[in-house]
Amino acid sequence: MGAGVDAYNGYGQRGSFHVIERQMSAAVELFPVFARAHLLRSWAGTVDVCPDASPLVDRTPYRNLFLNCGWGTGGFKATPGIGWCLADTLANDKIHPYLGPFSLGRFVTGALVDEHGAAGVAH
Amino acid sequence: MQLITCPWCGPREETEFRYGGQAHVTYPDDPAALSDQEWAQYVFFRDNTKGTWAERWSHSAGCRRWFNAIRDTVTYQFHAVYRLDEPKPVIS
């Protein structure tokens with residue numbers, strides 16, 4: 001069974017019980033035989049999400065400290081690409097063009113990358 | 001499922017509620033005087049507390065009223081709920 005992102009701040013690092021409960025009840029409704037199944041595992045962890053649900057990849061005001069976070073809405077498929085872009089950024093000490101939209105400064109300029117729902121997941 | 005106590009309706013399931021983020025973020029006294037950086041701070045930047053803090057909730061599928069809560073972000077335990085016109089309770 002999967003789980004969604006909690007809609008509230010949390011460091012519980014446990015599954016979302018309200019999501020699991022609803023998913024289990026839907027599964028049992030569809031397949032009553034599942035009522036005899038034991039739930040062995042569910043997802044748990046911390047999901048880092050920006051206000052616009054897009055990642056944050058940028059240098060920081062601190063020398064040699066870079067950010068690559070906020071991938072909580074779908075980082076799996078982007079991992080190889082962003083690794084390449086970040087490596088290019090570190091090697092040349094220049095922000096890779098692809099990373100421009102994902103800067104810290106977008107919250108000041110207002111140029112948000114509003115990707116809520118783009119990954120097709122209920123975040 | 002966790003129960004959250006609405007100050008008006010009593011304990012209800014958490015799926016009836018909508019989250020409103022950090023509480024007691026005051027609107028700027030002179031909005032026109034703010035720089036872009038200061039607006040960004042007001043609109044987007046919040047404390048990131050691991051532990052007890054104050055936050056806003058709305059009983060969106062119930063009475064639809066907003067209230068504040070003191071909650072632990074690690075255990076998810078609610079230490080207090082209080083109306084918007086009530087002062088922030090002191091939690092030891």
Side-chain angles (χ1 to χ4, degrees), chain A residues 1-29 39 42-56 58 60-61 67 69-70 72 101-116 122-123, chain B residues 1-6 11-25 28 31 33-62 64 66-81:
Chain A
M1 306 298 288
V5 174
D6 290 331
Y8 43 84
N9 292 18
Y11 285 95
Q13 294 176 285
R14 62 188 197 192
S16 312
F17 291 137
H18 62 285
V19 176
I20 296 168
E21 192 175 326
R22 288 288 159 92
Q23 287 178 333
M24 290 300 291
S25 66
V28 171
E29 192 175 344
L39 184 63
S42 66
W43 290 6
T46 299
V47 182
D48 49 331
V49 187
C50 284
D52 59 354
S54 285
L56 200 52
D58 199 358
T60 68
L67 287 177
C69 57
F102 305 110
S103 71
L104 266 171
R106 73 179 188 268
F107 297 104
V108 176
T109 63
L112 303 182
V113 188
D114 198 351
E115 289 288 279
H116 283 283
H123 292 171
Chain B
M1 187 182 306
Q2 178 161 8
L3 299 181
I4 298 173
T5 302
C6 169
R12 299 291 185 92
E13 292 188 339
E14 67 172 285
T15 47
E16 291 189 17
F17 295 84
R18 186 179 178 85
Y19 190 57
Q22 185 175 355
H24 306 295
V25 178
L34 261 53
S35 67
D36 287 351
Q37 182 66 48
E38 289 167 330
W39 266 118
Q41 285 292 327
Y42 168 68
V43 175
F44 293 113
F45 288 76
R46 295 290 181 264
D47 293 341
N48 190 11
T49 305
K50 186 175 186 177
T52 302
W53 80 329
E55 57 191 15
R56 302 181 305 166
W57 286 86
S58 164
H59 191 192
S60 54
R64 301 183 65 190
W66 285 89
F67 59 94
N68 290 332
I70 306 288
R71 186 181 63 98
D72 191 311
T73 61
V74 178
T75 65
Y76 301 171
Q77 182 183 356
F78 282 74
H79 293 294
V81 294

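All values below come from the heavy atoms of this structure, side chains included, with hydrogens, waters and symmetry mates left out. Chain letters run A, B, ... following the sequence lines, proteins first and then strands; every chain starts at 1. Being a predicted model, the structure only gives us computed values, none of them experimental.
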Exercise for the section: Measure B/Phe17 against the heavy atoms of chain A and call it side chain, backbone, both or neither at under 4.5 Å. Expected result: neither
Hey, what donor-acceptor pairs show up under 3.5 Å between chain A and chain B?
residue	atom	partner	partner atom	Å
A/Tyr8	OH	B/Glu14	OE1	3.1
A/Asn9	O	B/Arg71	NH1	3.4
A/Asn9	O	B/Arg71	NH2	2.5
A/Tyr11	N	B/Thr73	O	2.6
A/Tyr11	OH	B/Asn48	OD1	2.8
A/Tyr11	OH	B/Asn48	ND2	3.1
A/Gly12	N	B/Tyr76	OH	3.1
A/His18	ND1	B/Glu14	OE1	3.1
A/Glu21	OE1	B/Met1	N	2.7
A/Arg22	NH2	B/Glu13	OE1	3.3

Handout entry: Which atoms of A/Leu104 approach chain B - backbone, side chain, both or neither, heavy atom under 4.5 Å
Key = neither
